[in-house]
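The structure appears right after this line, and notes come after that.
So that the names make sense, note that chain A is the first sequence line, chain B the second, and so on, each numbered from 1. All values derive from a computational prediction rather than experimental measurement.
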Amino acid sequence: MSFSEKDRTLTSTDAPVPVGAHALGDALALLRASPPLVQCITNIVVAQWSANVLLAAGAAPAMVDNQNEAGLFAAAADAVLINLGTPYNDTAEAMLAAVTTAVANATPWVLDPVAVGPLAWRTELAHALLAVGSPTVIRGNASEILALGGGTGGKGVDSLDTPEAALTAAQSLALRYDTVVAVSGAVDHITDGNRTVRVSNGHPVMTQVTGVGCALGALIAAFAGTVDDPLIAATAATAMLTVAADGAALSSIRPGSFAVALLDELSDVSPGSLAERVRLS
Amino acid sequence: MSFSEKDRTLTSTDAPVPVGAHALGDALALLRASPPLVQCITNIVVAQWSANVLLAAGAAPAMVDNQNEAGLFAAAADAVLINLGTPYNDTAEAMLAAVTTAVANATPWVLDPVAVGPLAWRTELAHALLAVGSPTVIRGNASEILALGGGTGGKGVDSLDTPEAALTAAQSLALRYDTVVAVSGAVDHITDGNRTVRVSNGHPVMTQVTGVGCALGALIAAFAGTVDDPLIAATAATAMLTVAADGAALSSIRPGSFAVALLDELSDVSPGSLAERVRLS
Amino acid sequence: MSFSEKDRTLTSTDAPVPVGAHALGDALALLRASPPLVQCITNIVVAQWSANVLLAAGAAPAMVDNQNEAGLFAAAADAVLINLGTPYNDTAEAMLAAVTTAVANATPWVLDPVAVGPLAWRTELAHALLAVGSPTVIRGNASEILALGGGTGGKGVDSLDTPEAALTAAQSLALRYDTVVAVSGAVDHITDGNRTVRVSNGHPVMTQVTGVGCALGALIAAFAGTVDDPLIAATAATAMLTVAADGAALSSIRPGSFAVALLDELSDVSPGSLAERVRLS
């Protein structure tokens with residue numbers, strides 16, 4: 001890939017690549033050695049899939065998403081995922097409770113602002129969650145990140161924008177909330193506002209399987225519960241999912257069998273193969 | 001297949017077949033050229049599966065099913081699916097809001113009255129939705145269609161009746177609500193009350209995979225958001241799903257691998273192969 | 001496997017094996033001949049998977065889990081599954097209504113106390129359900145069974161204890177509630193307090209697929225709706241799932257393709273192969 005002039009300017013401060021491939025392999029080795037307990041408050045579409053992605057990768061999912069227990073459970077979790085795919089009044093309360101506990105305990109938490117922008121209620125919910133405290137990582141597609149930064153957002157759950165177009169918004173969002181922003185797309189962009197990493201693994205068939213992006217959010221939470229540097233955590237998760245997708249696409253680029261192969265490949269990725277196969281820039 | 005005398009009488013006004021195979025291929029070409037945004041308010045069992053079926057077929061699913069956003073979002077959707085599989089008080093409110101918007105904007109909407117009949121609360125909900133305005137298509141199994149037309153319905157989610165036995169009820173339901181009724185079964189029957197089409201593709205293993213019927217409802221919504229004639233929309237969706245099932249059954253008739261192959265085949269069906277392989281009568 | 005001295009003492013009253021392999025095959029033949037209607041009030045993670053497991057095995061799942069209908073529907077069901085994976089205020093009410101009907105009608109019901117112990121609200125809910133009347137079977141991992149018996153429970157949804165360590169608790173729980181307790185693990189232990197059966201089929205990859213234990217709960221409900229002896233029902237379900245897992249593991253021990261193969265194998269298990277392949281002790 002080639003960078004536009006604008007990209008060069010924006011990333012001029014962080015060349016060379018701020019995250020090394022070996023740090024990603026090390027993160028995976030740590031995750032496998034001590035599986036993080038990831039509390040997922042996510043949506044009804046991807047709940048099973050996200051749990052299976054976490055299990056295949058080596059993490060321990062726990063979906064405690066009712067308002068009576070979510071806050072309490074967050075105190076025991078190694079990381080918390082908040083995904084706004086299908087929020088309801090009850091689960092919105094659970095999200096706020098879990099984030100409140102996570103912030104109080106300095107437990108890593110990840111915000112996946114699905115469809116934020118065109119939908120006012122969940123956009124307010126996202127801002128209410130951000131007001132409790134800074135997430136460790138925000139993961140979204142370009143439209144969602146633009147919307148969270150003040151733009152208008154996408155059409156439904158799909159992005160109308162490219163990660164490249166959202167990079168400025170991502171960087172300023174990262175600085176504003178002292179967080180890491182991961183923008184998913186053909187090339188994934190991950191930034192803490194100062195340092196930016198790009199991961200260029202993956203395959204277009206990933207967009208034909210529901211919840212691949214949502215599962216990435218869950219995987220980022222797992223790595224955020226494993227390593228201290230959120231930029232490494234978000235990059236390791238992105239690398240792991242897309243390296244596995246590269247492998248799965250060699251088996252099949254038809255959506256049903258690709259999804260099955262993706263879980264298989266996630267369980268096969270080793271620290272060594274992750275470091276070797278990831279394409280960082 | 002052969003028709004009973006009763007069927008001959010009922011369909012005497014609509015011979016020859018009122019929908020041509022090429023119109024179905026054309027509908028699929030349109031859908032692929034401009035993927036419809038389908039708002040799905042569906043059940044927790046089939047949410048992932050329905051989204052994956054829509055994605056594999058080429059449509060864009062969006063599950064916005066909370067009462068704070070469902071009405072607003074319907075204004076942006078190309079079609080709305082209402083599936084009564086696991087309704088709750090909250091999502092029932094969301095369904096009414098989405099249908100109200102759809103009717104006001106003349107946006108196509110599809111009603112899938114899962115288990116209507118033996119269960120009074122959802123039966124009332126179905127009638128409350130119908131009272132807002134006519135759906136574009138009603139899709140159900142024979143027992144559900146009979147129940148919606150005033151009969152007693154089936155046992156749980158399974159049909160105790162054949163589509164043939166439900167055809168009179170389907171035709172009068174279609175005329176009463178000025179809609180199209182699609183009755184799923186070994187031979188699918190689709191009628192607007194005057195015209196009736198039968199699709200005889202498909203395989204019995206489809207009944208061993210949960211949510212194949214529900215996914216058909218979603219696919220009908222996608223086609224209803226693509227073409228103007230609801231009879232063509234319902235027939236194209238039925239044809240696409242069952243033609244794909246024919247292909248998948250060649251790979252496997254065991255339920256796990258059949259379901260995977262069905263998604264693969266849906267992504268492979270072309271306008272040409274759809275028109276060629278569908279069996280209409 | 002070898003038994004510890006403690007195990008010998010505990011099981012000294014029930015040697016030889018209290019359930020014969022042929023009784024399990026007979027139970028499966030009955031289930032296939034007359035598919036039980038299983039009402040599942042379960043969690044959003046495993047709803048689709050549990051339905052697909054039941055369909056593949058030959059049963060008829062019905063997920064009626066709202067508080068307006070759950071009690072009424074239980075009167076028509078052959079068995080009721082209550083799974084505490086993701087309870088909400090609304091579905092907790094539905095659970096209580098369904099169990100009340102089940103107890104009143106002597107309809108078999110199964111309690112799967114997911115994550116009971118560390119989470120107070122669902123632990124109270126479990127005890128509220130038990131106070132309505134005795135379940136036919138309680139199925140859980142070792143930590144959940146220990147917690148329900150008064151211990152502290154596990155970490156999230158995973159067990160920190162072995163079935164062997166939970167056997168005393170399982171036996172006293174069974175006697176206290178006049179029920180059968182099935183403790184899942186590398187070797188499954190099933191007891192009515194006096195008689196104890198062990199099933200040693202299965203493969204570790206089962207723990208890498210979400211909801212395998214939850215699906216076992218659903219399958220136990222299906223068998224409890226088929227045969228009168230709950231010990232045979234719980235053992236038959238455990239045998240069927242783990243014998244199918246043995247077959248699936250021959251195809252693949254990678255989690256994505258294993259899960260697909262497990263559904264395939266469930267549909268293939270015959271009464272004869274079940275009786276032949278199960279390893280009871």
Val46(B) vs Gln48(C), test: side chain to side chain contact (heavy atoms under 4.5 Å, CB included). Steps then yes/no. CA-CA 6 Å; Val46(B) 307; Gln48(C) 183 195 6; over 6 Å; no

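- Other residues, nucleotides and ligands contribute more than 12 heavy atoms inside 6.0 Å of the CG atom of Leu30(C).
- Of the atoms belonging to Thr91(C), it is side-chain heavy atoms, and not backbone ones, that fall under 4.5 Å from chain B.
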Might you work through the side chain to side chain contact (heavy atoms under 4.5 Å, CB included) test for Asn66(C) and Thr86(B), ending with a clear yes or no? CA-CA 7 Å; Asn66(C) 67 75; Thr86(B) 60; over 6 Å; no

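- In the model, Asn68(C) has no side-chain atom that pairs as donor or acceptor with a side-chain atom of Tyr88(B) under 3.5 Å.
- Contact annotation for Glu265(C): both backbone and side-chain heavy atoms come within less than 4.5 Å of a heavy atom of chain B.
- Between Ser257(B) and Val260(C), the closest heavy-atom pair is N-CG1, 3.4 Å.
- Rounding to the nearest 0.5 Å gives a distance of 8.5 Å between CG of Leu125(B) and CD of Glu69(C).
- For the atom pair CG (Asp65(C)) and CG (Asn43(B)), the distance works out to 9.0 Å, reported to the nearest 0.5 Å.
- Considering all non-hydrogen atoms of both residues, Leu55(C) and Thr207(B) come closest at CD2-O, 3.9 Å.
- Contacts of Val209(B) with chain C are made by both backbone and side-chain atoms, with heavy-atom separations under 4.5 Å.
- Scanning both residues, Ala51(C) and Val45(B), for their nearest heavy atoms gives CB-CG1, 4.1 Å.
- Counting heavy-atom pairs under 4.5 Å between each of Thr42(C), Asp90(C), Asp268(C) and chain B puts Asp268(C) at the top.
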Would Leu263(C) and Gln208(B) satisfy side chain to side chain contact (heavy atoms under 4.5 Å, CB included), going step by step from the backbone distance to the final call? CA-CA 10 Å; Leu263(C) 292 175; Gln208(B) 274 190 279; over 6 Å; no

